[in-house]
Undergrad: 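Have a look at this one before I ask anything.
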Amino acid sequence: MRLQVLGTAAGGGVPQWNCACPGCSGARAHPGRRRRHASLAVRLDDGGYVVNATPDIAEQIESCAWLRPGPGPRESPLKGVILTDAELDHTIGLLRLREADALEVRSTPVVRHALRPFAELLRPYLQLTWADADTVPVSGKRPRYAADSPEAETEAEGWVSALRLGPLVYAPAMGVWPDELDEAFRQAACVIVDGTFWDDEEPRRTGISTRTATQMGHLPIEATMERLSKLPGRRLYTHLNNTNPLVDPAAEQHKVLAELGIEVAADGMVIDL
Ligand SMILES: [Zn+2]
């Protein structure tokens with residue numbers, strides 16, 4: 001399977017437009033440290049897909065040679081979008097794709113329900129079709145805008161998922177590591193997982209939240225790296241928040257991961273599986 005990493009940052013990207021933390025300031029001073037919102041381009045049997053529709057989606061499609069349009073003036077190899085969840089940072093890019101003639105969106109049913117307002121907005125522009133994604137539930141955390149939706153009370157599952165994409169498992173948000181996920185990880189040739197925060201206190205220490213990483217729906221790297229290192233396939237962290245020390249290439253934490261045989265995903269990385 002053909003796969004290109006289109007972005008590796010958590011919500012806001014690195015740098016985030018309204019943030020001057022060391023990570024964001026470092027990325028402004030050193031453009032090589034910039035990271036777009038976490039996303040993948042994958043080529044499946046029936047066409048090209050982008051995994052999660054981020055605010056950067058148009059530039060991300062441009063950055064991937066085999067997703068660019070052609071040879072006809074209105075031909076695009078992009079068949080659709082596959083979603084891990086309904087968070088705005090992973091879905092707002094759907095609106096940027098309104099120039100498409102048709103688009104398939106794969107997700108869980110509860111994510112599909114949450115995105116009804118998007119479907120309404122896009123209806124006059126393009127034909128959206130919805131399908132189920134091949135998922136493993138990893139968190140019941142729902143987006144703030146969907147906090148009061150009726151589905152939220154009846155459906156704890158399906159809000160945040162790991163995606164099974166052939167030989168790859170992609171889990172940019174992981175609130176738990178259940179047995180079902182472990183089984184999917186063990187069968188995968190490559191796993192790309194939640195590296196939002198290095199340690200559990202990071203969101204509180206840096207002042208971005210009153211909750212810990214785990215309470216925010218992200219197991220921190222410190223809590224997953226040993227277990228990750230024991231998996232048989234290739235292992236990478238993605239979805240780095242701008243507070244994560246890993247956004248600085250000189251951070252000592254890179255050595256810790258290298259010794260465990262774990263990689264940090266980079267924008268533009270091509271992985272052949
Ligand atoms: Zn920042």
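Both ligands and their constituent atoms are indexed starting at 1 by order of listing.
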Undergrad: Can you list, pair by pair, the side-chain donor-acceptor contacts under 3.5 Å of residues 255-273, counting residues two or more places apart and other chains?
TA:
unit_1 : atom_1 : unit_2 : atom_2 : d
Glu263 : OE1    : Arg234 : NH2    : 2.9
Glu263 : OE2    : Arg234 : NE     : 2.7
Asp267 : OD1    : Thr8   : N      : 3.2
Asp267 : OD1    : Thr8   : OG1    : 2.6
Asp267 : OD2    : Arg36  : N      : 2.8

Undergrad: Does either side chain, that of Asp85 or that of Trp159, offer a donor lying less than 3.5 Å from an acceptor on the other one?
TA: no
Undergrad: Run the side-chain hydrogen bond (donor to acceptor under 3.5 Å, both in side chains) test against Tyr170 and tell me which residues pass, sequence neighbours left out.
TA: none
Undergrad: Are Thr196 and Tyr237 close enough that a side-chain donor and a side-chain acceptor fall under 3.5 Å?
TA: no
Undergrad: Would you please test Thr84 and Asn52 for side chain to side chain donor-acceptor pair (under 3.5 Å) and show each step?
TA: CA-CA 7 Å; Thr84 58; Asn52 287 338; 3.0 Å; yes
Undergrad: The criterion is side-chain contact (heavy atoms from CB on, under 4.5 Å); which residues satisfy it with Trp17, sequence neighbours excluded?
TA: none
Undergrad: Hey, which protein N/O/S atoms does the Zn ion (ligand 1) have under 2.8 Å?
TA: Cys19 SG, Cys21 SG, Cys24 SG
